[in-house]
Amino acid sequence: MADRGKNLRIDAARLWQSLMEMAQIGATAKGGVNRLALTDLDRKARQLFTRWCEDAGCTVSHDAMGNIFARRPGRDDTLPPVVTGSHLDSQPTGGKYDGAYGVLAGLEVVRALNDADFQTEAPIEIVVWTNEEGSRFAPAMVGSGTFAGVFALADSLAITDADGLTMGQELARIGYDGKGCGGREIGAYFEAHIEQGPILEAAGKPVGVVTGAQGQRWYEINLTGQESHAGPTPMAVRRDALVGAAAIVLAVNRIGHEFQPGACATTGMIVSRPNSRNVIPGAVFLTVDLRHPDDARLAAMDKALRDAAKAAADANGLELAMEQIWSFDATPFDTQCVAAVRGAAQDAGLAHMDIVSGAGHDAIYMAGVAPAAMIFVPCKDGISHNEIESATPEDIAAGGQVLLQAMLERAGGS
Ligand SMILES: [Zn+2]
């Protein structure tokens, strides 16, 4: 019985065709996709997905956050479902694969099960999470986060876009305001996604077995010195805030290199005041983003940053105000779900490697309420959130096949 499941194959051409068809909704001239959350184009994508799922025999519903669930019943339909999916919204200059791949790989799993007349023991569900990107409505991953209880429903519905429209209003406008969100048992959650980084491509492996997500800490730093004339002020008496900031920028980069493997450390934003060519900068604002898959190592990076910032301030006679404004603990995925992904790749004879997610994904919130894991496939040059985002049909198919087998491992059936 289990053997019959292992022999099932997805239809690679059909999966690719569906991806290309979905990418026509909001297609941009440069070959990408512009499909912001809860726009008319998002509605069109949702409707196409719904039609495909209904054609595949699924029952389709949505919740109060507009998260869509397409359900293929199990032999024992009282079992908690094995769920897969991702998102259909995009960045304004997004690509064809980010999100849509995970959704349509899930659809292909259902279609392949239908073709083989295979009945799973537990029900299968494909989910489309609302507003994963966080581009039109911040923060990101708010549909899955609300489902997982990270955000309160009322707060999420009240989030506004730049024009002051709320998510609640826009959900109602496009016909995706439903009832309730979350609070039901999920047997397992799998998500297929492009890597959005260069590691798999460089290693020549079509499948990444995602073991978890990095912890993150975000900081805002204000350095205050003394503005004064760039000519008459001798070097010895200066309190140059930008020189202190420069020392911090270099320290952040050094910390990133020192805490390998796995560390990332970035100064992404810097504002110098008054930003005038003949004035010694009196105040600088900068942001720091530290990431590591191991919370203890991340805490050590935090200490190294604080020490470096204090040393930079002291050396330049500056006042230092430093605040950690956001943090996210490292999220290890469920060991059994990760093993199911690894085993599926092995069984399919696909080269694979363990990898840690550097970006946020719906699966990370889902890991808080269900056993979860992810499957990565390479994308060209590691580029994503860009219209030139690209992946090969072979790699797209590899991830879909692994998804099918990993889901069957958890859902059972014959
Ligand atoms: Zn995504």
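One-based numbering along the sequence shown. Scope of the values below: all heavy atoms of this structure, side chains included, with no hydrogens, waters or symmetry mates. Each ligand, and each atom within it, is numbered from 1 in the order the structure gives.
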Could you check whether [Y] and [X], counting side-chain N and O atoms only, form a donor-acceptor pair closer than 3.5 Å?
{"X": "Thr287", "Y": "Glu220", "answer": "no"}
{"X": "Glu387", "Y": "Thr93", "answer": "no"}
{"X": "Glu133", "Y": "His385", "answer": "yes"}

Pair Tyr365 + Phe151: ring centers closer than 6.0 Å: yes

Within the 6.0 Å centroid threshold, strictly below: Phe376 and His361: yes

Total protein N/O/S atoms whose distance from the Zn ion (ligand 1) is less than 2.8 Å: 3

Aromatic ring pairing Trp16/Tyr97, orientation class (parallel under 30°, perpendicular over 60°, tilted between): tilted

